[in-house]
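Before any comments, here is the structure.
Note that this is a predicted model, so its numbers are computed, not measured. Order of appearance sets the numbers: ligands from 1, and atoms from 1 within every ligand.
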Amino acid sequence: MRHQPGVLIVEDESAIAELIAVNLRHSGFRPTWAMDSATAQRELDAVLPDVILLDWMLPGESGLLLAKRWRANPRTKDVPIIMLTARGDESDRVAGLDAGADDYIAKPFSTKELLARIRAVLRRRAPEQVSGVVSIGALSLDASTYRVSFNEQMLKLGPTEFKLLHYFMSHAERVHSRSQLLDKVWGDHVFIEERTVDVHVKRLREALGLIAGQMIETVRGAGYRLTAQSALASVPSPRV
Ligand code: CA
């Protein structure tokens with residue numbers, strides 16, 4: 001039997017929760033609904049979902065606080081979180097991502113877009129291969145031999161660009177803020193300005209070339225992400 005991914009919807013507006021749940025069910029997901037933070041916590045204690053859709057504005061504890069708490073807890077830290085937010089403000093988006101959300105989607109959203117985001121976070125959760133080879137579309141990186149290729153063509157990358165690409169590919173489809181990238185790629189012991197990230201992303205795109213370079217997207221006001229869904233890169237079916 002096909003695994004039906006479980007989705008925990010944390011949303012106090014029942015009309016919205018209902019709409020999401022119906023659409024998820026039609027698309028082969030197993031939604032559960034929690035209308036407040038206490039119920040959500042009980043649901044999580046009982047069973048871990050594959051994805052959490054977390055509303056920002058909740059009665060009692062906010063979605064932002066919940067995301068922080070779940071990220072800090074070893075049991076729940078790896079469950080992908082997509083924040084649902086009515087806020088379009090840049091600082092709020094960054095706050096959501098810094099709190100550990102994997103992605104966010106602004107209300108009102110199309111259910112088609114929501115499903116695409118859910119599938120994307122599930123795809124990047126697929127277990128990384130033991131060989132150290134990560135492939136996204138036609139782009140392939142071998143961490144053990146330090147090789148990167150696109151469409152079988154070898155590419156030449158500097159050491160920082162290689163580390164950056166490795167991180168992007170291991171966390172594809174997820175939006176990373178500049179400060180997150182500094183922490184993860186440069187390490188948090190070094191003080192570097194955030195625009196250093198921009199410089200290396202630019203170099204990385206150049207090294208990847210015209211087509212593969214487009215897989216590194218600038219997400220305005222939030223940061224960067226590597227996506228298999230860029231117009232020109234080929235998209236294979238997800239590895240599971
Ligand atoms: Ca709400």
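- Judged as a side-chain contact (heavy atoms from CB on, under 4.5 Å), and not counting sequence neighbours, the contacts of Leu19 are Asn23.
- The Ca ion (ligand 1) has Asp12 OD1, Asp55 OD2, Met57 O as protein N, O or S atoms under 3.0 Å away.
- At a threshold of 4.0 Å, the pair Arg147-Asp142 does not count as salt-bridged, since none of the basic side-chain nitrogens sits closer than that to a carboxylate oxygen.
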Scan the side chains in residues 197-204 for donor-acceptor partners under 3.5 Å anywhere in the protein, sequence neighbours excluded, and list what turns up.
residue, atom, partner, partner atom, Å
Asp198, OD1, Arg178, NE, 2.7
Asp198, OD1, Arg178, NH2, 3.2
Asp198, OD1, Tyr224, OH, 2.6
Asp198, OD2, Arg178, NE, 3.4
His200, ND1, Glu161, OE2, 2.5
Lys202, NZ, Glu206, OE2, 3.3

Arg117 vs Glu173, salt bridge (Lys or Arg N to Asp or Glu O under 4.0 Å): CA-CA, chis, key distance, verdict: CA-CA 8 Å; Arg117 299 288 180 94; Glu173 308 299 339; over 6 Å; no

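- Listed by first and then second residue, the side-chain hydrogen bond (donor to acceptor under 3.5 Å, both in side chains) pairs that reach into residues 9-19 are Glu11-Lys107, sequence neighbours excluded.
- Side-chain contact check for Val10 versus Asp36: every heavy-atom pair is 4.5 Å or farther apart.
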